[in-house]
Amino acid sequence: MEFNNTLELEHNLLPVVLQMELFGVQIDEPILKSLEQQLKLLRQNVYDNISIYSNEININSGEQLSKLLFEELQIEPQTNKKTKKGLYPVDKNHLESLKGKHQGKHQIVAEILKYRKIESLLKFCSKLNNINPITKRLHTNFNQNGTATGRFSSSKPNLQNIPNPTIKEDTTDELLILESQFRKLFIPAKGCCFIGADYSQIELRITAEYSQDPFLLKAYSQNNTDIHILTASEIFKLPVSQVTDEQRKIAKSINFGLIYGKTEFGLAEDLSRITDKPHTKEDALAIMTDYFNRFDKVKQCLDGLISFADKYGYSQTLWGRKRPIPELASNELRIREKGKRLAMNSPIQGSAADIIKMAMIACKNAVKNKNLKSRLVLQVHDELLFEVPKNEVEIMKQLIREEMESVVSLSVPLKIDLKVGRNWREVH
DNA sequence: CTTCTCACG
DNA sequence: ACGTACGTGAGAAGG
């Protein structure tokens with residue numbers, strides 16, 4: 001199934017995308033309606049609570065909100081940054097740091113965060129309401145070449161950003177529970193199940209492929225070990241069994257940072273958040289230097305991706321998908337730095353997009369060859385969702401795993417996580 | 001039309 | 001002195 005160029009790939013993918021768009025996905029409308037009602041009631045309660053501090057405020061207006069909090073109520077800002085209008089920002093991060101400092105004193109901050117969350121969830125309700133009257137299903141647009149890197153985008157409605165919160169069994173957070181209901185609204189047709197299959201750490205596996213770093217290659221060939229724990233054990237020079245949860249989180253932050261081109265400044269912020277103690281960018285740089293000394297092939301690989309893009313003016317995936325990076329030729333340092341991050345990230349993100357696109361074609365062909373009725377309904381970057389008649393579940397489990405894991409052959413195995421269930425939430 | 005905010009991978 | 005992690009879509013506000 002491997003393609004020599006992405007034009008051929010996209011050409012063969014077109015009918016798969018068309019079929020997904022036309023087929024659509026079923027939504028549990030009665031539960032959607034009840035979810036919407038609950039959220040509207042909650043919003044009214046929260047609005048009443050906020051009205052104690054200020055009636056007539058439009059909570060959706062950042063400008064009005066900033067003036068209320070930092071001018072009228074004289075709350076101490078936790079940042080020196082200001083928006084272009086000279087006001088203190090009211091984004092979630094800033095509000096959350098206020099909530100910590102002013103516990104009890106300014107209940108309003110917590111209520112505002114709640115209000116915002118409810119508003120955002122209600123928007124998801126309204127977009128899921130656009131059921132097609134003829135098919136009785138919800139149809140999105142999958143924009144096949146919708147991104148700079150080769151990924152799809154999804155629009156009208158966007159079904160690639162449906163809430164997917166991680167949630168503890170014993171949580172009592174009412175809003176979090178409501179938020180976790182959204183993927184339950186996506187249900188299979190009568191007589192069918194869903195099968196969800198997502199690639200496990202595909203971008204880091206691609207980093208292993210590009211870098212040929214012996215540690216990453218080995219880490220991914222022994223399939224069941226947690227890559228972040230292994231990385232932590234190398235960085236902190238500890239046996240795997242002695243790696244703490246905090247050390248694993250730091251390693252995870254570094255691993256993700258590789259893919260995005262994280263700077264020491266960004267890592268320092270992560271370190272402070274993870275350990276709950278302040279860390280300077282010098283601390284972070286020390287850890288990064290250490291990491292790149294230990295994994296010098298990774299360092300060479302990232303540098304190589306930058307010089308390639310510098311030389312040719314574009315970056316390229318493992319299957320030849322190109323992205324122009326004019327930023328590297330900018331006169332401004334800041335833009336050139338951005339260009340370097342794009343040069344590191346685009347081949348990795350783009351190669352992952354190539355792989356899942358090839359897998360979509362492979363799955364569709366295999367289903368057709370076996371005369372099965374199963375259908376692909378959604379793609380969310382590294383995840384595929386299939387609607388499967390109940391009598392095809394066993395054969396489809398095998399088929400999907402086989403096609404997705406062997407669609408291309410890299411130096412490390414590809415692995416998917418696969419689940420069967422009665423709604424989207426259950427299969428993720 | 002731009003900015004801000006917030007949802008996803 | 002500046003900004004600081006990649007890729008998206010969408011709605012509200014404000015001009």
Side-chain angles (χ1 to χ4, degrees), chain A residues 57-66 81-85 87-96 112-113 115-128 130 140-143 145-166 179-180 182-183 198-203 206-207 253-270 281 284-285 288 302 305 315 323 325 327 332-353 356 378-384 424 428:
Chain A
I57 186 176
N58 181 349
I59 303 163
N60 291 322
S61 162
E63 204 174 317
Q64 292 181 35
L65 203 54
S66 184
K81 285 182 191 153
K82 298 220 178 157
T83 63
K84 295 194 170 164
K85 293 196 167 169
L87 296 167
Y88 288 108
V90 289
D91 59 282
K92 193 161 72 173
N93 278 346
H94 190 201
L95 292 192
E96 264 163 9
I112 287 164
L113 286 165
Y115 187 89
R116 287 244 185 98
K117 172 63 84 179
I118 296 167
E119 282 275 292
S120 135
L121 296 182
L122 276 166
K123 279 179 202 147
F124 283 110
C125 287
S126 79
K127 78 185 196 185
L128 296 190
N130 291 324
T140 182
N141 295 320
F142 281 108
N143 309 307
N145 219 340
T147 70
T149 53
R151 280 186 174 182
F152 285 93
S153 75
S154 158
S155 57
K156 294 189 286 185
N158 179 356
L159 295 187
Q160 289 182 322
N161 71 342
I162 303 301
N164 191 20
T166 47
E179 189 179 7
S180 74
F182 279 85
R183 288 197 180 207
D198 60 279
Y199 279 111
S200 161
Q201 290 168 342
I202 189 165
E203 293 188 343
I206 288 163
T207 308
S253 162
I254 292 174
N255 281 334
F256 269 97
L258 295 178
I259 294 164
Y260 299 135
K262 177 151 40 193
T263 62
E264 62 264 33
F265 185 92
L267 182 61
E269 284 199 332
D270 276 7
K281 61 181 196 287
L285 185 59
M288 283 172 72
L302 295 173
L305 290 175
S315 70
R323 173 186 185 166
I325 308 189
E327 287 87 346
E332 280 184 66
L333 177 64
R334 189 173 52 85
I335 309 279
R336 284 201 305 279
E337 292 297 327
K338 169 100 177 172
K340 288 183 190 172
R341 295 195 293 272
L342 297 178
M344 293 186 273
N345 175 261
S346 302
I348 298 171
Q349 189 184 118
S351 295
I356 197 163
L378 291 178
Q379 190 258 37
V380 190
H381 309 309
D382 63 359
E383 170 194 6
L384 298 179
W424 192 8
H428 199 275

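All values reported here derive from a predicted model rather than from experimental measurement. In what follows, every chain begins at residue 1, and chains take the letters A, B, ... in the order their sequences are listed.
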Pairing of DNA chain C as dot-bracket, 5' to 3': ( ) intra-strand, [ ] crossing, | other strand, . unpaired, with Watson-Crick or G-U pairs under 3.5 Å? .....|||||||||.
So what does A/Lys281 hit on the nucleic acid, given a heavy-atom distance under 4.0 Å: a base, only sugar-phosphate, or nothing? nothing
Extract, from 5' to 3' on DNA chain C, the first and final nucleotides lying under 4.0 angstrom from some heavy atom of chain A. C/dG3 to C/dG15
Sugar-phosphate, base or nothing in reach of A/Asn58, heavy atoms under 4.0 Å: sugar-phosphate
Across all chains, not counting sequence neighbours, the side-chain hydrogen bond (donor to acceptor under 3.5 Å, both in side chains) partners of A/Thr140 are A/Ser154
Whichever of A/Arg334 and A/Thr149 has the more 5' nearest nucleotide on DNA chain C, that residue is A/Arg334
ring-ring contact (aromatic ring centres under 6.0 Å, His included) partners of A/Tyr199, counting only residues at least two apart: none
Which residues pass the side-chain hydrogen bond (donor to acceptor under 3.5 Å, both in side chains) test with A/Gln64, sequence neighbours left out? none
Quick check with a 6.0 Å cut-off and a 45 degree axis cone: is A/Lys81 positioned over the face of A/Tyr88's six-membered ring? no
Please identify each residue that fulfils side chain to side chain contact (heavy atoms under 4.5 Å, CB included) with A/Asp198, with sequence neighbours left out. A/Asp382, A/Glu383, A/Asp417
Heavy atoms only, 4.0 Å cut-off, all strands: where does A/Ala352 land among base, sugar-phosphate and nothing? nothing
How far does the P atom of B/dT5 sit from the matching atom of C/dT4, given to the nearest Å? 14 Å
Worked verdict on A/Gln349 versus A/Ile259 for side-chain contact (heavy atoms from CB on, under 4.5 Å): CA-CA 8 Å; A/Gln349 189 184 118; A/Ile259 294 164; 6.0 Å; no
Taking only the C1' atom of each, what is the distance from C/dA5 to B/dC8 in whole angstrom? 16 Å
Go through the structure and list residues passing salt bridge (charged side-chain N to carboxylate O under 4.0 Å, His left out) with A/Lys281, not counting sequence neighbours. none
Under 4.0 angstrom, heavy atoms only, what part of the nucleic acid is A/Asn141 near: base, sugar-phosphate, or nothing? nothing
For A/Ser315, all residues meeting side-chain hydrogen bond (donor to acceptor under 3.5 Å, both in side chains), sequence neighbours excluded: none
What nucleic acid atoms does A/Lys262 come within less than 4.0 Å of, heavy atoms only: base, sugar-phosphate, or nothing? base
side-chain hydrogen bond (donor to acceptor under 3.5 Å, both in side chains) filter on A/Asp91, not counting sequence neighbours, yields none
Which part of the nucleic acid, if any, lies within contact of A/Ser346, taking any heavy atom under 4.0 Å across all strands shown: a base, the sugar-phosphate backbone alone, or nothing? nothing
Quick one: list whatever passes ring-ring contact (aromatic ring centres under 6.0 Å, His included) with A/Phe142, sequence neighbours left out. A/Phe152
Contacts of A/Lys117 that satisfy salt bridge (charged side-chain N to carboxylate O under 4.0 Å, His left out) - sequence neighbours left out: A/Glu179
For every nucleotide of nucleotides 4-9 of chain B, 5' to 3': is a protein heavy atom under 4.0 Å from its base (B), only from its sugar-phosphate (S), or from neither (-)? SSSBSB
Could you tell me how far B/dC4 sits from C/dG3 if I compare only their P atoms? Round to whole Å. 13 Å
